[in-house]
There are 2 protein chains.
Amino acid sequence: MTTLSIGELAERVGVGIDTIRYYERSGLLAPATRLPSGYRRYGAAELRRLLFIRRAKALGFSLPEVQELLELSSRKSVASIKRAAEAKLADIDRRIDELNQIRHGLESLVEACPGHGRAEACPILHALAGEAPR
Amino acid sequence: MTTLSIGELAERVGVGIDTIRYYERSGLLAPATRLPSGYRRYGAAELRRLLFIRRAKALGFSLPEVQELLELSSRKSVASIKRAAEAKLADIDRRIDELNQIRHGLESLVEACPGHGRAEACPILHALAGEAPR
DNA sequence: CTTGACTCTGGACCCGGGTCCAGAGTTCAG
DNA sequence: CTGAACTCTGGACCCGGGTCCAGAGTCAAG
């Protein structure tokens with residue numbers, strides 16, 4: 001069997017059936033070819049495309065961004081693909097930097113906290129402003 | 001005036017009025033003190049707390065996570081505060097690791113891409129298409 | 001042929017994190 | 001005093017990215 005039902009495709013890619021239909025509805029996947037019964041059938045190309053979508057998602061691309069990538073790839077514009085990847089890379093770097101900043105702040109608080117004694121001596125508490133809601 | 005109206009507070013923190021009410025509804029901010037008219041008034045503690053929330057959000061914490069951070073101050077034991085802070089630190093480290101993995105994958109693709117020529121020469125496309133690297 | 005598993009559709013619903021609205025009351029500068 | 005600007009409430013709505021449902025039709029193993 002070189003074609004797959006939607007359930008088989010979903011299983012292979014590790015995604016829900018509803019997700020595939022959702023991707024079709026939102027234009028990420030072309031409308032599937034149908035059996036006379038109306039059942040969708042998928043071939044190798046659709047499998048590759050769906051895997052492409054999942055991998056791009058795993059790299060942090062949103063669905064609209066994935067769609068852009070797919071369109072770019074069909075236009076054979078290597079330069080713009082590279083630019084998109086570089087922009088996403090810069091995006092990830094920015095997120096990492098931000099996390100590192102809070103990491104260092106939190107780390108220095110943890111290091112300065114004796115771990116015992118009166119609450120007033122805990123610098124973690126001092127760093128938190130205001131009263132907790134009750 | 002040492003107290004602020006909700007609009008003034010919103011302006012100072014750079015957030016919408018509705019967001020402040022939303023935070024109050026969802027328990028991140030204690031119910032505001034009210035004027036006889038029912039208008040909310042805010043003091044320095046609330047301002048600090050709201051700034052804390054925005055900073056933590058800007059650093060990628062979800063609202064429930066921010067709430068956890070804030071609730072550290074209501075713990076009785078300094079030791080448990082420290083443990084919670086350490087757990088949050090480990091959490092941040094895990095996130096940074098994940099982002100770094102994505103980052104390295106993307107970076108090597110970007111570096112390997114010539115940035116011009118035919119699509120077949122673009123390793124980014126090949127990687128997304130699930131082809132073995134050559 | 002029967003039966004259980006699969007698939008179809010349109011639409012509702014979920015979560016997070018807000019954002020906007022109408023209609024009524026309040027505050028304040030001039 | 002007046003009018004503009006502000007604030008109140010409850011509820012509706014938005015986006016992203018799915019997820020679930022009912023009721024009807026289809027497929028395939030035994």
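The figures that follow rest on heavy atoms only: side chains count, while hydrogens, waters and symmetry mates do not. Quantities reported herein were computed from a predicted structural model and do not represent experimental measurements. Proteins get letters first, then strands, A, B, ... in listed order; numbering begins at 1 in each.
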Answer yes or no: is there a donor N or O on one side and an acceptor on the other, between the side chain of A:E68 and the main chain of A:E65, under 3.5 Å?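 Checking the backbone N and O of A:E65 against the side chain of A:E68, no donor-acceptor pair under 3.5 Å is found.
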Going by the rule salt bridge (Lys or Arg N to Asp or Glu O under 4.0 Å), which residues pair with B:D97 if we only count those two or more places apart in sequence or in a different chain?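 With neighbours one apart ignored, the set is empty.
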For A:Y39, check side chain to side chain donor-acceptor pair (under 3.5 Å) against everything at least two apart and list the hits.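 Residues passing side chain to side chain donor-acceptor pair (under 3.5 Å) with A:Y39: none at all.
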Among residues at least two apart in sequence or on other chains, which ones pass side chain to side chain donor-acceptor pair (under 3.5 Å) with B:R34?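 In terms of side chain to side chain donor-acceptor pair (under 3.5 Å), with neighbours along the sequence ignored, B:R34 is linked to no residue.
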Atom [atom1] of [X] and atom [atom2] of [N]: how far apart are they, to the nearest Å?
| X | N | atom1 | atom2 | answer |
| --- | --- | --- | --- | --- |
| B:I6 | C:dT26 | CD1 | P | 17 Å |
| A:L9 | C:dC8 | CG | P | 11 Å |
| B:R41 | D:dT7 | CZ | P | 9 Å |

Readout for nucleotides 15-30 of chain D: B = base within 4.0 Å of protein heavy atom, S = sugar-phosphate only, - = neither; 5' to 3' it is --BBBB----BBS---
Report all side-chain donor-acceptor pairs from residues 25-33 of chain B shorter than 3.5 Å, counting only partners two or more places apart or in another chain.
unit_1 : atom_1 : unit_2 : atom_2 : d
B:S26  : OG     : B:Y22  : O      : 2.6
B:T33  : OG1    : B:R41  : O      : 3.2

Which part of the nucleic acid, if any, lies within contact of A:S5, taking any heavy atom under 4.0 Å across all strands shown: a base, the sugar-phosphate backbone alone, or nothing?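 Sugar-phosphate only.
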Any side-chain N or O of B:R40 under 4.0 Å from OP1/OP2 of D:dC8?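 So the side-chain polar atoms of B:R40 do come within 4.0 Å of the phosphate oxygens OP1 or OP2 of D:dC8, strictly under.
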B:E11: side chain to side chain contact (heavy atoms under 4.5 Å, CB included) partners, not counting sequence neighbours: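 Result, side chain to side chain contact (heavy atoms under 4.5 Å, CB included) vs B:E11: none returned.
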